Each structure stands twice: as C-alpha cells, then as structure tokens.
Amino acid sequence: MLQRPRGTRDFLPDEMEQRREVENTLRKIARTWGYREVCTPHFEELELFTLRSGQGIIEEMYVFEDKGGRKLALRPEVTAPVLRMYVNVGKTLQKPVRWFYFADCFRYERPQKGRFRQFWQFGVELIGADSPLAEAEVIMLAHRLLSATGIGFAIHVGHLGFMKALLQDLSPEDQKKVRVFLDKKNLEGLLSYLSSHGLSGLGEKLIALVSSRTIDEVFSITGDMPESGRIRELFALLDQAKIPYTLDPGIARGLDYYTGMVFEVFAENLGAENQVAGGGAYRLAHLFGGEDSPSCGFAIGFDRVMVARGEIPCRKETKVGVAHTPDARKWAITVAKAFRDAGILTEMDLSGKGLGQQLAHISRTADYALIVARREEENSVVTVKDLRTGNQKELPLPLAIAEVSGGDACR
RNA sequence: GCCAGGGUGGGGUAGUUGGUUAUCCUAGGGGACUGUGGAUCCCCCGACCCGGGUUCGAGUCUCGGCCCUGGCCCCA
C-alpha cells in the first residue's frame, strides 16, 4: 500500500471542518484590522530564500530543478515571498500595506509533536510603517488572533537593541555564540565561553539583562541607547492596550534580519515545540531589489494552535436525508432542491432499497428524514420525520422547510 | 543528522518458552426487510510494516531499512 510522505497528514472531514472554522475566524479578525488576504506561489526561486536566510537553509528545504533548469524551492515560510510580491507590485500601493496570508509551507525536518514537513502558517505583514504604534499593532493583533483560537498562551516581547548595546564591541562570531547561549538560557556555558575569550566582564551584565523584566531595569544595564524613547513608547502602548506580555530581553535566536522589536508566543499543552507564533520588525524589501521599507509582522503556527486546542467537539449542522420510492423520484428531487436552496444540508438516498432500509440508514446519519413516495407526490407534500422524537407530519414544502430550519442539530 | 520507545484487519486489541486455520471488540458492506428507525439475528469484507538471516517451523528470535511517537539538533 502506498503511504503518504513522511511528515504530511491527511485530514478527514471532522478535522477539516474544525480547521476551517479556526482559519475563518482568523481571517475575519485580520480583516477587521484592515489587513487583506494575499496569496503567493507554493514554489519560488531558491535564491529568494537563501537571500533572506543564507545558504544553510538549503538543507532544510524541498529544493528541485524544473525542466527548464531553474532552481526552485517549496516555500519554507511566507514572509520572503510576500515581500518579493510587495517589491514587484508595491510601488503604486498606498503605504502602509496591511496584508495577511494563510498558506502551507514545507520544511525538510524531522517530524515531532507539532512539527510537520507540510504545515500551515497564518501570518501578517505590515509594510511601510515605521513607528512604535506599528510594532504595537502587530503584537496586539497577534494577541487578538490567538485569543480567538481559545488556546492558552504567553507573549514574550524583546528588542534586539538591548543585546546589541552590550555586545557591540564583540566580533560577529562572538556575538552569535553569546546569543545562542543566552537564547538557550545556558548561563554556565555562557560564562565559561566568556572567560575563555577574555570577556568575563560581560557575564554579569548579560545575565542581569536576560533576567530583567522591566524596561527600567533593562536600561539601567544597557545605558541609554538611540532607540530608548521609541522602545519605551512601544511598551507603554502595550501596557495601555492591556496586552499581557512578558518583557524578555533574552530573545535572540535566529533571524539576523530582524531590526528591533521581536516577539515570540508560547502555548501550553505542547511538547518541545511550543512556540505558536513569532515575529518582529524587519527590513527585507531592499534585499529583493526594492526600496528599503521598514516592516513588521508575525506568523502563527496554525497546526500547533490546533494541537494546543485539543479535541473540541464539532458542532454539526442539521442534516436531512430523503427517503423515496422510484415512482416519486421526480418529486423527491424537487423536494431536495428546495431544501438545499434554503441552505439545509440534504442527502438523497442513492440505494434504491425499501423505505425501511433507507430510514435505517438515514437515522444513523441525519436529524430528519423526509419521506417522499407516491402519496406525497400526489398531494404535493412531504412527510417530515423528526428522528429524535419519532414524530412525523405531512407538510407542504415551505412548511416542511420551516419545520426543519427551526430545529437544532442533535449530532 | 543523533537518541529512546514503538509498528498485528479501517480504528482499538489478544497472542505464554518459537509450534495447527492468528483472538476479541468496533467500524464498514450485504441479507432477514420495497410505506417507516438506530434493536436483534445471520453472512461477508479485512491484519502480523518491508527485506535478509537463524530454524523442520518466525507475529514471536536476529540484522538492516521504512514509518510512527517523544526528545536532541535546528527552527527562516
């Protein structure tokens, strides 16, 4: 038997309906904030992704050559494609541009809880706005979206400026090493690295920095910096908006292209892969040949959100099944059409068996049975049987539809 | 790429020191039953992840691979 490729999933209707419900909730909210949905190709030129993230990511991507010899890659994320699109068409757009996307991405990684080779991201990009309010807006929107999914989560907000201020005299390699130690909260490793590189003086300051939880503490360690005012304003805005967050100056991982504010969101009930969203302020447009545009955005790991939500029973729509006899087939089709036109989920019996067996099947799969046979056809009525109570009545079509519309689904 | 634990019908399971036709539940299909139900009864369908080795004989032991689950690494 053929298996699906490693790290991919099939979704049965129950799960698909839940995913669509959450997706559409996210879309709706993003729209009310003025963001509009965009879509980019599943594959792009390989260079688009290596420009952003370096050659190292080739190993982590699905890379292939097409019949024309072009080097392509399945998108591992969507920020770069969206910014590429912005550069391609954005000149004429009014700034700022508010876009969102819901897209599947592909990474060649080892699957584990909440991590798949094909996964979905819901993301937001705010391009061409350079202000603390813009940065606050994306965090506020992330908070709003994640709240709507019903999961428990914690937002950590940081700023690359803090660490930059302390590390500015170090070589780029040392900076990177130090950031990795800090991000992993490996303080012993950090101290021994620093002392073996003649940098012991930094250790105390760095540890104090990453354990700071207020902006005053942070600035007392880093001293004043050019962005101080702006950073204070950002956090003041979050406080005013009553966004629950933790100031986390230790966020340092990855992404050299982030320019200032960075944030990460962690969910409860997930294993090692518990980050459900991440983002920050960045500049990418100039990399793809556009004008330098300050931007910020984030992506939500949709699959992890769904895992974190756990099993939530799906509410089902009222469903009717149409049992009919061959001599009344024409009327049965008319009846079914009328119910469907009224927006009611309607299934025709396809088996041609006796009414008893048709009802046996319908009673397992629907809330109401419509019985349509010669008698109903002759009188232009339909027998509506409520399968929960067993009550049935013969009604003309409009009344029959009203009867079913008024009921609640039981399954 | 690394580590640990797993893999028996669609789902869930039993299978003793290696021994006949691999257990049970459930789901699915058909029938009893062509003007009224989910019950009941009967029938059917359907599995040892793949490949090599040991053995008279492998679901069971062994080696390799694949896949799953969790963790490490990475995480754009």
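Owing to the predicted nature of the structure, the values given are computational and were not obtained by experimental measurement. In the text below, chain A, chain B and the rest are named by the order of the sequence lines, each starting its count at 1.
Checking B/rG31, B/rG37, B/rG38 against every side-chain atom of A/Arg364, the shortest atom distance belongs to B/rG38. Nearest nucleotide to the side chain of A/Leu359, out of B/rU36, B/rG30, B/rG35: B/rU36. Counting only heavy atoms from C-beta on, A/Arg107 has its side chain closest to B/rC75 among B/rG35, B/rC75, B/rG31. In this structure, of B/rG37, B/rA76, B/rG35, it is B/rA76 that holds the atom nearest to the side chain of A/Ser53.
Atoms CD (A/Glu377) and C1' (B/rG35) sit 15 Å apart, rounded to a whole Å. Here the C1' atom of nucleotide B/rA76 and the CZ atom of A/Phe106 are 16 Å apart, to the nearest Å. The distance from atom NZ of A/Lys353 to atom P of B/rG35 is 15 Å, rounded to the nearest whole Å. Summarising the geometry, the separation between NE2 on A/His324 and P on B/rU36 is reported as 17 Å, rounded to the nearest angstrom. In this structure, NZ of A/Lys319 is placed 17 Å from P of B/rG38, rounded to the nearest angstrom.
Checked against ring-ring contact (aromatic ring centres under 6.0 Å, His included), A/Phe235 has the following partners two or more places apart in sequence or in another chain: A/Tyr245. Listed by chain and number, the residues in a ring-ring contact (aromatic ring centres under 6.0 Å, His included) with A/His361 amount to none (sequence neighbours excluded). Evaluation of the salt bridge (Lys or Arg N to Asp or Glu O under 4.0 Å) rule for A/Lys113 yields no partner, not counting sequence neighbours.
Rounded to whole Å, the P atom of B/rC44 lies 15 Å from the corresponding atom of B/rA22. Remark: the separation of the P atoms in B/rG65 and B/rG71 is 24 Å, to the nearest Å. Atom name C1', nucleotides B/rA47 and B/rC33: the rounded distance is 33 Å, in whole Å. The C1' atoms of B/rG57 and B/rG53 are separated by 15 Å, rounded to the nearest whole Å. For the P atom pair drawn from B/rC42 and B/rA27, the interatomic distance equals 15 Å after rounding to whole Å.
Place A/Pro76 and A/Arg374 on RNA chain B by their nearest nucleotides, and A/Arg374 ends up nearer the 5' end. When each of A/Ser351 and A/Leu355 is assigned the nucleotide of RNA chain B with its nearest heavy atom, A/Ser351 is the one assigned upstream, toward the 5' end.
A/Glu376 comes within 4.0 angstrom of a base, heavy atoms only. At the heavy-atom level, A/Asp349 lies nowhere under 4.0 Å from the strands shown. Using a 4.0 Å heavy-atom criterion, one finds that A/Ala360 contacts the sugar-phosphate atoms exclusively. In this structure, A/Gly390 reaches the bases: a heavy-atom distance under 4.0 Å links it to at least one base atom across the strands shown.
In this structure, A/Gln392 does not reach the B/rU36 phosphate: none of its side-chain N or O atoms is under 4.0 Å from OP1 or OP2. Side-chain N/O atoms of A/Gln357 include none lying less than 4.0 angstrom from OP1 or OP2 on B/rG35.
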Derivation of the side-chain hydrogen bond (donor to acceptor under 3.5 Å, both in side chains) call for A/Gln392 and A/Thr383: CA-CA 7 Å; A/Gln392 68 181 55; A/Thr383 298; 5.1 Å; no
Run the side-chain hydrogen bond (donor to acceptor under 3.5 Å, both in side chains) test on A/Asn379 and A/Arg375 for me, step by step, so that the C-alpha distance in whole Å, both residues' side-chain angles and the decisive distance to 0.1 Å come before the verdict. CA-CA 6 Å; A/Asn379 300 321; A/Arg375 195 168 73 225; over 6 Å; no
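With hydrogens and angles ignored, a donor-acceptor pair under 3.5 angstrom links the side chain of A/Lys385 to the base of B/rU36.
Taking the six-membered ring for Trp and thresholds of 30 and 60 degrees, A/Phe43 and A/Phe64 have ring planes more than 60 degrees apart, a perpendicular arrangement.
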How would nucleotides 65-72 of chain B be written as a contact map, 5' to 3', with B for base contact, S for sugar-phosphate-only contact and - for no contact, using protein heavy atoms under 4.0 Å? --SSBBBB
Do any side-chain atoms of residues 346-356 of chain A form donor-acceptor pairs under 3.5 angstrom with protein atoms, and if so which ones, sequence neighbours left out?
from	atom 1	to	atom 2	distance (Å)
A/Thr346	OG1	A/Ile344	O	2.9
A/Glu347	OE2	A/Lys319	NZ	3.1
A/Asp349	OD1	A/Ser351	OG	3.2
A/Asp349	OD2	A/Ser351	N	2.9
A/Asp349	OD2	A/Ser351	OG	3.0
A/Asp349	OD2	A/Gly352	N	3.2
A/Ser351	OG	A/Lys353	N	3.1

Less than 3.5 Å apart, which donor and acceptor atoms pair up between the side chains of residues 151-167 of chain A and the rest of the protein, not counting sequence neighbours?
from	atom 1	to	atom 2	distance (Å)
A/His156	ND1	A/Asp248	OD2	2.9
A/His159	ND1	A/Gly161	N	2.9

